[in-house]
2 protein chains.
Amino acid sequence: MAQIQRNQPLYEQLMWRIKAQVASGVLIIGEKLPSVREMALIEGLNPNTVAKAYRALENQNVIETVTGKGTFIRANDEFTADEQLIAILQEQLGEVVIEAKRASISVQELHQWLDSCYSGKPHSPRRMHGISH
Amino acid sequence: MAQIQRNQPLYEQLMWRIKAQVASGVLIIGEKLPSVREMALIEGLNPNTVAKAYRALENQNVIETVTGKGTFIRANDEFTADEQLIAILQEQLGEVVIEAKRASISVQELHQWLDSCYSGKPHSPRRMHGISH
DNA sequence: CTAAGTGTACCGCGTAACATAGTACACGTG
DNA sequence: CACGTGTACTATGTTACGCGGTACACTTAG
């Protein structure tokens with residue numbers, strides 16, 4: 001095992017970290033990412049794990065890799081929404097909603113979460129229904 | 001392997017199928033689920049796999065199991081939203097949103113998806129934004 | 001050209017999760 | 001009692017994950 005018990009593979013966690021930075025504007029188009037070995041030192045991972053994340057990100061057209069130079073953030077021009085991707089996203093959203101309903105989370109609050117995720121990063125503080133201890 | 005290549009474990013798929021039926025009202029509180037061995041025949045799974053799903057669902061207070069009688073849908077009274085669960089849901093929602101943004105899906109459409117998931121089941125047909133090449 | 005840095009491709013190893021098969025036990029109902 | 005119920009356990013095989021190590025092709029800087 002790597003560090004702690006996670007339910008998500010390490011290379012996927014790294015992928016989401018990079019994706020989030022791209023979406024939030026921390027990483028700009030054309031910017032160079034740390035090399036595989038460098039990122040491995042930064043994140044405390046094995047270079048192979050980082051390489052696996054980079055390879056997967058390139059398959060999703062998030063980054064572009066030039067064999068001797070490095071990996072760079074890629075512009076997502078002409079990214080047509082695949083029908084299969086739509087279905088997956090709707091299913092994943094459905095799972096979140098089912099859990100949220102069980103947790104007695106209102107639709108309004110979910111809409112606020114959605115806007116928070118879509119616009120910037122931070123989530124608005126959770127509004128408890130009349131609790132204050 | 002069981003049937004086809006899935007990225008989600010079989011027992012989790014069964015869990016979500018049951019959860020969705022509970023959320024949509026197909027399964028009512030107190031209703032009896034098929035027995036472990038019966039469900040195994042229906043779904044084409046191993047009884048152990050079904051038992052694993054049932055055990056996990058009981059840990060989440062979705063169903064109630066009486067040792068000699070069977071398993072029944074449970075009312076989720078007094079289900080307080082755990083802070084950790086909130087964080088997980090927000091993170092999962094964030095992942096969906098990041099992917100949706102990359103796929104050029106508008107916020108409005110995501111809100112429609114959310115409402116569809118929350119109220120009933122079927123998704124409204126996907127509205128293309130004026131593209132016809 | 002040489003050297004360093006880059007991504008990539010392997011192979012092996014160990015751990016864990018997943019799914020199956022089979023058996024057995026404790027419980028409730030008829 | 002016999003039957004169906006959930007549960008527990010052992011065992012086997014497969015797969016994914018992560019690490020370690022090595023090697024190769026490529027680009028850039030010296």
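In what follows, chains carry the letters A, B, and so on, assigned in the order in which the sequence lines appear, proteins first and then strands, with residues in each chain numbered from 1.
- Take A:Lys19 and apply the side chain to side chain donor-acceptor pair (under 3.5 Å) test, not counting sequence neighbours, and it matches A:Gln60, B:Glu99.
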Per-nucleotide protein contact string for nucleotides 20-30 of chain D (B base, S sugar-phosphate only, - none; heavy atom under 4.0 Å): BB-B--BSS--
Enumerate, atom names and distances included, each donor-acceptor pair closer than 3.5 Å involving a side-chain atom of residues 27-37 of chain A, sequence neighbours excluded.
residue, atom, partner, partner atom, Å
A:Glu31, OE1, A:Ile28, N, 2.9
A:Ser35, OG, A:Glu38, N, 3.1

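- A search for side-chain contact (heavy atoms from CB on, under 4.5 Å) contacts involving A:Ile88 returns A:Gln84, A:Gln92, not counting sequence neighbours.
- Each of B:Thr65 and A:Thr49 lies near DNA chain D, and the nucleotide nearest B:Thr65 is the one positioned closer to the 5' end.
- Contacts of B:Val66 classified as side-chain contact (heavy atoms from CB on, under 4.5 Å), with partners at least two apart in sequence or in another chain: B:Lys69, B:Phe72.
- In this structure, B:Met39 places its CE atom 14 Å from C1' of D:dT5, rounding to the nearest Å.
- Taking atom CD on B:Gln13 and atom C1' on C:dC18, their separation rounds to 12 Å, with Å as the unit.
- The distance between atom CG of B:Leu41 and atom P of C:dT20, rounded to the nearest whole Å, is 12 Å.
- Annotation: side-chain contact (heavy atoms from CB on, under 4.5 Å) contacts of A:Asn48 (sequence neighbours excluded): A:Asn46.
- At least one side-chain nitrogen or oxygen of A:Tyr11 sits closer than 4.0 Å to the OP1 or OP2 atom of D:dC17.
- Atom C1' of nucleotide C:dG28 and atom NZ of B:Lys32 are separated by 12 Å, given to the nearest angstrom.
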